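If you read the sequence from its start, that first residue is 1, and numbering goes on from there. Source: prediction; values computed, not measured. Excluded from the calculations below are hydrogen atoms, water molecules and symmetry mates; all remaining heavy atoms, backbone and side chain alike, are included.
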Amino acid sequence: MNAAQVLIDGRWRAADAEGTFHAENPAKGEALPLAFPISRWSDCDAALNAATKAAAELRALDPAKIAAFLDAYAANIEAAADSIVAAAAEETALPVSPRLKDVELPRTTNQLRQAAAAVREESWRNATLDLEKNIRSCFAPIGPVVIFGPNNFPFAFNGVSGGDFAAAIAAGNPVIAKAHPLHPNTTEQAFKAVESTGLPPATVQMIYNINNENGLKLVSDPRVGAVGFTGSRNAGLHLKRAAEDAGKPIFLEMSSINPVIFLPGALAERHEQLAQELVDSVLAGSGQFCTSPNLLLVFETPQNQSQAEVFLAKIATSFTERPAQPLLSSAGRQQLQRGVTALTNAGAQLVTGGNNAPGEGYRYANTLLRATAAQFLAAPHDLQREIFGNATLAVVVNTQKELESILGLLEGNLTGTVYSAKSGAAQSGDDAIYNVIAPLLRERVGRLLNDKMPTGVAVSPAMNHGGPYPATSHPGTTSVGIPASIHRFAKLECYDAVRPERLPAILKDTIANPGTWRLINGNWTKG
């Protein structure tokens with residue numbers, strides 16, 4: 001059977017392949033019939049040459065054409081929604097409705113349209129004009145961007161349609177996308193919705209797979225402007241070393257256990273409700289969210305001990321009663337089992353689950369583990385291991401000092417959540433604890449939440465989907481939230497005493513833009 005074609009320099013063609021691979025249907029545990037190529041370096045080289053040419057052409061292009069492309073792409077994805085969703089459901093076992101069709105696909109097209117609006121509005125470029133010294137600066141495209149999409153969001157983080165893609169294109173860069181091997185047909189179906197609308201042919205290119213050596217070579221190539229990656233810590237760190245050794249900026253989302261803290265008053269007030277919220281969050285998408293709670297810090301005191309224990313028992317019962325849903329792959333199930341085993345070896349007690357679940361496809365029993373604060377403090381590295389799937393670790397703390405010590409040992413995370421009492425005498429006790437622990441947690445997370453599970457990531461300009469290492473490679477960036485996400489794929493350009501007719505349009509005195517800063521008569525004004 002012939003393998004699918006790659007898209008290079010505006011043309012679908014056969015890959016220069018060293019082999020092929022097949023995606024799987026994780027709901028059935030079977031390989032799918034379509035074959036996809038594993039490209040040799042020559043395909044990467046051709047894509048890089050074409051992207052270099054496209055980058056120069058895009059810099060001279062009217063931004064309105066880039067915005068039109070993003071809008072048209074969003075509309076074309078919606079028009080082809082049935083085939084794209086069907087491919088994704090087959091390759092991921094995620095439900096068509098509501099997950100793929102009603103939630104993730106609209107989120108994806110919304111991101112593309114927000115990026116288009118940012119291109120037209122241009123405030124993301126942060127144009128700054130010091131008219132007294134005749135020095136001007138603005139953000140500009142960084143050059144060809146290589147994007148590695150993850151396994152768990154076939155649309156919203158896909159290398160050919162997701163947030164990294166939208167941000168890179170909005171900044172005026174060509175994109176070379178590497179499809180994820182778990183959903184190559186989904187990527188191809190989405191990619192066929194691409195419409196040039198007058199952009200250079202190599203504005204968007206796609207290869208399905210490459211070997212590890214060529215992946216490292218690709219991110220460190222001199223022609224690359226920047227790299228976006230969402231995936232495992234192990235793979236991310238290998239790419240990080242290669243890119244940074246070559247001086248290339250690489251923006252990684254890698255690992256997060258997303259601690260959720262339950263203070264005594266909250267448990268006394270509404271422990272059954274909180275248990276339900278927690279179960280829904282941990283088991284959403286079989287736990288395969290980068291913001292899934294992997295660590296529960298349950299503050300148990302003599303006064304709320306009964307509620308805390310009922311809370312944990314309720315979670316265990318719900319985990320046992322709910323049927324396990326398919327994971328994304330057989331490798332994902334194996335990795336989940338290794339993670340659970342590592343936690344038990346480090347001292348955690350298995351409360352429920354901890355083994356493969358019956359049923360068709362790649363299923364693993366919903367798993368709850370438990371440890372004491374003393375155990376965590378004795379092995380903090382081993383017990384804050386990310387376990388990507390439908391499992392979580394509950395650590396019971398008995399004093400505020402224990403909680404403070406644990407927070408001081410946490411690695412960087414995408415999110416951190418505190419549940420506290422909302423009313424009554426319990427509120428004052430929780431407030432006092434919160435005032436001490438929130439600053440400690442704030443230093444460890446990109447997004448701080450109160451009384452809300454972290455699994456939802458809204459597409460909002462105010463959103464930060466980032467965090468300190470190892471959640472990401474840079475705590476000052478986000479992969480969700482336009483216009484901030486665009487800055488990852490932009491460079492700051494300065495013009496000193498450059499003649500007016502030679503300036504970019506956005507830096508000319510006559511151009512009015514809501515995001516432009518001007519220094520006039522010693523006063524900075526915006527607009």
Side-chain angles (χ1 to χ4, degrees), residues 58 61-78 103-127 138-143 145 147 149-150 153 155-175 177 190 194 197 199 203-204 225-230 249 251-253 290-291 414-415 446-447 456-467 471-492 506 513-517 526:
L58 283 166
L61 204 65
D62 182 350
K65 290 188 176 181
I66 296 175
F69 161 76
L70 290 165
D71 280 335
Y73 191 16
N76 290 349
I77 287 175
E78 290 169 342
V103 177
E104 190 176 340
L105 191 136
R107 171 200 175 100
T108 303
T109 55
N110 181 28
Q111 285 178 153
L112 293 168
R113 290 189 171 107
Q114 285 192 19
V119 172
R120 293 188 177 96
E121 195 261 347
E122 287 196 309
S123 65
W124 72 270
R125 299 190 67 184
N126 198 32
C138 66
F139 283 104
I142 199 168
V145 175
I147 298 176
F153 280 88
F155 307 147
F157 285 84
N158 196 306
V160 302
S161 63
D164 283 358
F165 171 89
I169 294 292
N173 304 297
V175 165
V194 168
T197 61
L199 299 190
T203 297
V204 188
V227 181
F229 168 88
T230 305
F251 300 96
L252 306 165
E253 182 192 322
C290 45
T291 52
L414 295 170
T415 72
R447 178 164 54 114
V457 182
V459 181
S460 163
M463 176 55 64
N464 177 21
H465 190 59
T472 72
S473 57
H474 194 301
T477 65
T478 177
S479 63
V480 177
I482 292 171
S485 64
I486 302 175
H487 290 153
R488 293 170 300 153
F489 306 121
K491 60 181 178 178
L492 186 61
I506 196 170
N513 184 286
T516 299
W517 285 99
K526 192 173 185 179

message: Using 0.5 Å steps for rounding, measure from the CG atom of N126 to the CG atom of L492.
response: 8.0 Å
For S479 against E253, the heavy-atom pair lying closest together: OG-OE1, 3.8 Å
task: Just grab all the side-chain hydrogen bond (donor to acceptor under 3.5 Å, both in side chains) pairs involving residues 480-490, residues at least two apart or on different chains.
output: D164-R488
task: Indicate the atoms forming the closest heavy-atom contact of I486 with A118, along with that distance.
output: CD1-CB, 3.9 Å
- prompt: Taking 4.0 angstrom as the limit, do E104 and R107 come out as a salt bridge?
  reply: no
task: Output yes when a side-chain donor or acceptor of Q114 lies under 3.5 Å from a complementary backbone atom of V459, and no otherwise.
output: yes
statement: Shortest non-hydrogen pair, G172 vs P141, comes out as O-CB, 3.7 Å
task: Applying side chain to side chain contact (heavy atoms under 4.5 Å, CB included), run through R125 and T516 and close with a yes or a no.
output: CA-CA 8 Å; R125 299 190 67 184; T516 299; over 6 Å; no
- prompt: From T108 OG1 over to N158 CG, what is the distance, rounded to the nearest 0.5 angstrom?
  reply: 8.5 Å
statement: Sorted by chain and residue number, the side chain to side chain contact (heavy atoms under 4.5 Å, CB included) partners of D71 (sequence neighbours excluded) come out as R113, A116, R120
Smallest separation among heavy atoms of V160 and A190, with atom names: CG2-CB, 4.3 Å
message: Could you walk me through whether L58 and N173 satisfy the side chain to side chain contact (heavy atoms under 4.5 Å, CB included) test, starting with their C-alpha distance in whole Å, then the side-chain angles of each, then the deciding distance to 0.1 Å, before giving a yes or no?
response: CA-CA 7 Å; L58 283 166; N173 304 297; 5.8 Å; no
- request: Only counting residues at least two apart or in another chain, list the ones meeting side chain to side chain contact (heavy atoms under 4.5 Å, CB included) with A484.
  value: T478
task: Could you please spell out the steps behind the side chain to side chain contact (heavy atoms under 4.5 Å, CB included) verdict for F69 and I169?
output: CA-CA 9 Å; F69 161 76; I169 294 292; 3.9 Å; yes
- prompt: How are the rings of F489 and F251 set relative to one another: parallel (under 30°), tilted (30 to 60°) or perpendicular (over 60°)?
  reply: perpendicular
statement: Scanning both residues in full, the closest heavy-atom pair of C290 with L414 reads O-CD1, 3.5 Å
task: Determine, stepwise, if the pair V204 / F165 fulfils side chain to side chain contact (heavy atoms under 4.5 Å, CB included).
output: CA-CA 9 Å; V204 188; F165 171 89; 3.7 Å; yes
4.5 Å side-chain heavy-atom contact, Q111 and F157: no
statement: Minimal heavy-atom distance between A127 and C138, with the atoms involved, is CA-CB, 4.0 Å
- line: Here the gap from M463 atom CE to I482 atom CD1, rounded to the nearest 0.5 Å, amounts to 13.0 Å
message: Checking the side chain of N464 only, and the main-chain atoms of R447 only, is there a donor and an acceptor separated by less than 3.5 Å?
response: no
- prompt: Is there side-chain contact between T109 and F155, with at least one heavy-atom pair below 4.5 Å?
  reply: no
- request: For the residue pair T472 and L252, establish whether any side-chain heavy-atom pair is separated by less than 4.5 Å.
  value: no
